[in-house]
Amino acid sequence: MSKLLNANFSRLFKGKFFYICAAAAFVFGLIETILNKGTIRMGDWVVHPEGALFKGSGFFFIVLTAVLVGIFVGAEHDGALRNKIIVGQKRSAILLAYSITCSAAIAMIHLLFIATVLISGLIRGGEFLLSFGEIALCELLQLLSLIELCVLYSAISLLNTHKFSGTIISLLMVFAFLAISSIISPLISSLKYSYESYFADAPIYLVEDENITTEDKIQTAILESIQDITPFGQQHQIQESFYNAYYLQYEEMTSDNYTKVPIPVEIAPFALGAIAAATAVGVLVFRKKDVK
């Protein structure tokens with residue numbers, strides 16, 4: 001395993017594509033910071049650096065992960081993968097090595113994005129609205145979601161013998177996941193919440209429905225489980241929780257007129273379970289696959 005990891009990381013850092021992805025994350029972080037308008041407080045315009053962390057990063061990193069993993073693993077289908085098997089490397093170790101390498105690469109790029117957003121936001125004179133613990137927990141959950149995708153995409157790219165087929169399939173899965181989340185999220189909201197406005201011109205607030213039926217509760221639980229395991233569902237919950245806490249701090253809203261959304265730590269066991277399942281299935285299928 002150590003030899004496989006050394007070879008993978010050597011190829012990762014010697015190649016240009018990792019640095020291209022890192023540069024894209026850096027530029028994206030700067031763009032998000034520039035577009036982060038901030039808030040008006042006591043007549044002064046105040047920028048909060050953390051406000052730029054989750055506006056578009058979910059979709060950006062899901063696509064970036066698909067492309068990076070697909071191209072990195074797919075490049076091995078030029079004979080390098082077959083050579084590793086010939087010299088006696090276990091197929092399970094090969095898959096694990098790819099998953100670890102790609103996860104580490106995404107973690108480094110993700111950290112670069114966070115640092116870019118927060119440091120550039122501070123340079124703009126920003127002030128943090130949320131605590132470091134809240135920001136760190138949301139970011140760790142997002143990273144865990146991306147690692148889940150790294151393992152899944154590594155298995156897909158390894159099992160497809162053409163260089164770019166893994167990338168294409170992974171990208172198609174991105175839009176399939178997006179479609180699933182786009183359908184499920186409104187269904188959960190319609191089953192679980194009601195919308196109320198306390199004054200004629202007041203905003204409409206999301207309030208948990210106390211009269212939900214048992215049948216609706218079962219449907220909600222099933223749909224929420226799907227959201228907890230799919231990448232866009234995970235990202236949606238993290239973003240919702242993050243900005244809920246963000247605006248609660250700014251607007252000083254109370255639970256009487258606004259439902260507080262807790263940080264969705266429950267997605268962690270779902271992500272870990274998906275990582276284990278993708279690894280197990282990938283190893284079982286890869287062991288029986290004829291590698292040319």
Practice item. Apply side chain to side chain contact (heavy atoms under 4.5 Å, CB included) to Glu224 and Glu266, showing your working. Key: CA-CA 10 Å; Glu224 286 180 336; Glu266 66 274 6; over 6 Å; no
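- Here the closest non-hydrogen pair linking Ala278 and Val151 is CB-CG1, 3.9 Å.
- In this structure, Ile147 and Ile106 have side chains that are not in contact, with every pair of non-hydrogen atoms separated by 4.5 Å or more.
- Judged as a ring pair (Phe, Tyr, Trp, His ring centres under 6.0 Å), and not counting sequence neighbours, Tyr19 has no contacts.
- A donor-acceptor pair under 3.5 Å links the side-chain atoms of Ser99 to the main chain of Leu95, judged by distance alone.
- None of Leu4, Leu5, Val283, Thr279 except one satisfies the side-chain contact (heavy atoms from CB on, under 4.5 Å) rule with Leu96; the exception is Thr279.
- Nearest approach of Leu68 to Ile109, heavy atoms of both residues: CD2-CD1, 4.0 Å.
- Under the rule for a side-chain contact (heavy atoms from CB on, under 4.5 Å), the partners of Phe128 that lie at least two apart in sequence or sit in another chain are Pro49, Glu50, Leu118, Leu122, Ile135.
- Between Arg11 and Phe72, the closest heavy-atom pair is NH2-O, 3.0 Å.
- The cluster map of Ile, Leu, Val, Met, Phe, Trp and Tyr, joined by side-chain heavy atoms under 4.5 Å apart, puts Phe286 and Val281 in the same cluster.
- Annotation: Phe177, atom CZ; neighbour count of heavy atoms from other residues, nucleotides and ligands within 6.0 Å is above 12.
- Criterion: ILVMFWY side-chain heavy atoms under 4.5 Å apart, direct or through other members. Under it, Ile156 and Leu284 are not part of a common hydrophobic cluster.
- If you chain together hydrophobic residues whose side chains sit under 4.5 Å apart, Leu53 and Leu111 never meet in one group.
- Checked options Gln142, Glu240, Glu32; the residue passing with Phe54 is Gln142 (criterion: side-chain contact (heavy atoms from CB on, under 4.5 Å)).
- Contact record, Gln234 with Ser145: OE1-OG, 2.5 Å, taken as the closest heavy-atom pair.
- Hydrophobic clustering (side-chain heavy atoms under 4.5 Å, transitive across Ile, Leu, Val, Met, Phe, Trp, Tyr) groups Met108 together with Leu149.
- Closest non-hydrogen pair, Cys102 versus Cys150, comes out as O-SG, 3.6 Å.
- Surrounding CZ of Phe132 are at most 12 heavy atoms belonging to other residues, nucleotides or ligands under 6.0 Å away.
- Side-chain atoms of Ser157 never come within 3.5 Å of backbone atoms of Ser154 as a donor-acceptor pair (strictly under, hydrogens ignored).
- Here the shortest heavy-atom pairing between Tyr153 and Ser170 reads CD2-OG, 3.3 Å.
- Judged purely by atom type and a 3.5 angstrom limit, Thr65 uses its side chain to pair as donor or acceptor with the backbone of Phe61.
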